[in-house]
Amino acid sequence: MRRWLRENGGTAVLITVALILTILLVASFLHMGNSSSAGRFLISAITSVQEPISNATAGISDGFKNLLTFRSIARENQQLKDELAQLKQEMVRQQFSDQELEELRRLSAALNYESVQNSTSYVTGDVIAMDTSNWFNIFTINVGTEKGVRIDAVVINGDGLVGRVYEAGEGWAKVISVIDETNSVSFRIFRGSNESYLGILTGNGRGRLEGYMLDSEASVIEGDTVVTSGIGIYPFGITVGRISEVVVNTDSLLKEVIVDPAVDFKNIQKVMVIMAE
Amino acid sequence: MKLKYRYMIPLYIAAFLLQTAVLPQLALPVCTPNLLLCLLIMTSFWEEGYMGAVLGIASGIVQDMCFGHMIGIAALCYYAVALGVMAVRHFLYRSSLLSSLLVVLLSTAAYSFLYWGISVIMGSSYRLFYMAETLPFLLLYNGAVSMVLYFIFRSRARRYPEDWYL
C-alpha cells in the first residue's frame, strides 16, 4: 500500500479530493437548504460586492435600452395615455360595484381566505445575482433577515408570482422561482365568474409551468388566467400566468395544463417579499 | 503564458461576479455563457499542473453555496472536467485556436451531462431534454467566450513544442 502510494502519490491525491467532494455533496444533500455560518458569511460578503455591480449594470443596461427604444417608448407612452383615459371611465363604472365588493369581502372572511391584501406588509428588494448554472432558477435579492425576510416568504413583482425564499441571511435572501422544478403551486382559474377550478402546477424546467386540474371535468381553455388558490404557502389571488395548452391525459383521465408565467424571469430586477403574519 | 495564482484568482473572482451580476441583466436567449467553466478549461488546457482543478473546485463550491440546492455538484463537475482536460492536453496542439475550441466544446458538453447526471442521482427531476435543448446555446456562448480568451492570452501564450508532433 505504502509503495503504491509512493509510486502513485498524484493519483492518490486526485482520488482523495474526488472522495472529499462526493462526501461533501452527500452531506449537503442530507442537510439541504441549511448553510453553515461560514457559508452565510461568505454569501453576505459576495452579496455586498455583487449589489453595486448589479445596480451599475442595470443602470447602464436600462440607459442603453431607453436610447435604443426611444421611438417605441414614445408609442407606448401614447398607448398608456389612451388606456388611462379608458380606465378613468371604467373607474366611474366600478364605483357602482362597491357594495358588491363589500359583500365579497365578507364572504372571503367567512371562508377564511388569506388574500394578498390581508398580508401585513411588503419589503421591496433588487435582484443582485442569478444562478450561474443555467439549471436552477435561484437568484439572490438584497434584503434579508434584517428586514424580517424568512424562509418560505412569498416573493412577487408587478406582474405576478415570482417564487419563495429558500434561504435568508443578513442583507441577502435566496429566492427559488416558481418555474423551478422543485416548486409546486396550488392554483385556481380566475375568470371573474362563480366557477372555481383548482389544480396543481410545477415548474417544467423549461421556463414554464405544468400541472393538472383536480377536477377532470373542469372547463379550462387556453388563455385562462391562473391565480394562486391560497392553499399552501402562497396567499390567494396572486397571478401565476396564463394557460397556453390544455391536454387530456388518457391514462390518468386528468386535464393537464401548461402555463406561461406572468413574470419574465429572464428580465427580473425588482421584487417584493410578502411579510405574512 | 505562465499562469500564476495571483493573476488567476482575481480573474476567476471577476468571472464569477460578471456571470452572476452582469450577464443575467443582458437577457441573452435561452441561457448565459459559463465564464468560470471557460476559464477553468483554458487554465487546465494551457497550463501544466493542477491550477485548473484547484481553482475549479474553489469556484464550484462558491457557486454551489450561492445558488445550488446542494454544495458540491458544480465543484465535482468542474473537478472532473479539469481532470479530463488535463488528461487530453498532451495529445493536442495547445497553441492552436482550433484545439482550444474543440476542448472547450467537448468539455462543456461533458460538464452539462455530468451536472445533469449528478443532479438526477441526487433526486432532481431536471430533464435530459431540457439540458439537450439548452446545450447548443451554451456551446455557442462558451465557444465565443473561449475564442475571446484565446485572443486575449495568445500573445503571452507559452509554447509547447513537444505537443506539435504528437
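Order of the sequence lines fixes the chain letters, A, B, ..., with proteins taken first and strands second; residue numbering starts at 1 for each chain.
- The part of I61(B) that comes within reach of chain A is its side chain, from C-beta onward, which places non-hydrogen atoms under 4.5 angstrom from that chain.
- Donor-acceptor pairing under 3.5 Å is lacking for the side chains of S44(B) and Y50(B).
- Neither the backbone nor the side chain of A74(B) comes within less than 4.5 Å of any heavy atom in chain A.
- Counting only heavy atoms from C-beta outward, the side chains of L161(A) and Y234(A) approach each other to under 4.5 Å.
- Residue contact with chain A, scored on non-hydrogen atoms closer than 4.5 Å, is absent for L35(B).
- Every residue two or more places apart in sequence or in another chain that forms a side-chain contact (heavy atoms from CB on, under 4.5 Å) with L25(A) is listed here: M70(B), I73(B), L76(B), I118(B), M122(B).
- Here the two rings, on F16(B) and Y12(B), have centers that are 6.0 Å apart or farther.
- Contact of L18(B) with chain A is not made at all, since no heavy-atom distance falls under 4.5 Å.
- Taking A110(B) as the reference, nothing meets the side-chain contact (heavy atoms from CB on, under 4.5 Å) condition, with sequence neighbours excluded.
- With respect to the salt-bridge test (charged N to carboxylate O, under 4.0 angstrom), the residues R208(A) and D260(A) qualify.
- Within the 4.5 angstrom heavy-atom criterion, atoms from both the backbone and the side chain of L14(A) approach chain B.
- If you tally non-hydrogen atom pairs under 4.5 Å between each of T22(A), T140(A), V17(A), I128(A) and chain B, the highest count goes to V17(A).
- L24(A) touches chain B through backbone and side chain together, each having a heavy atom under 4.5 Å away.
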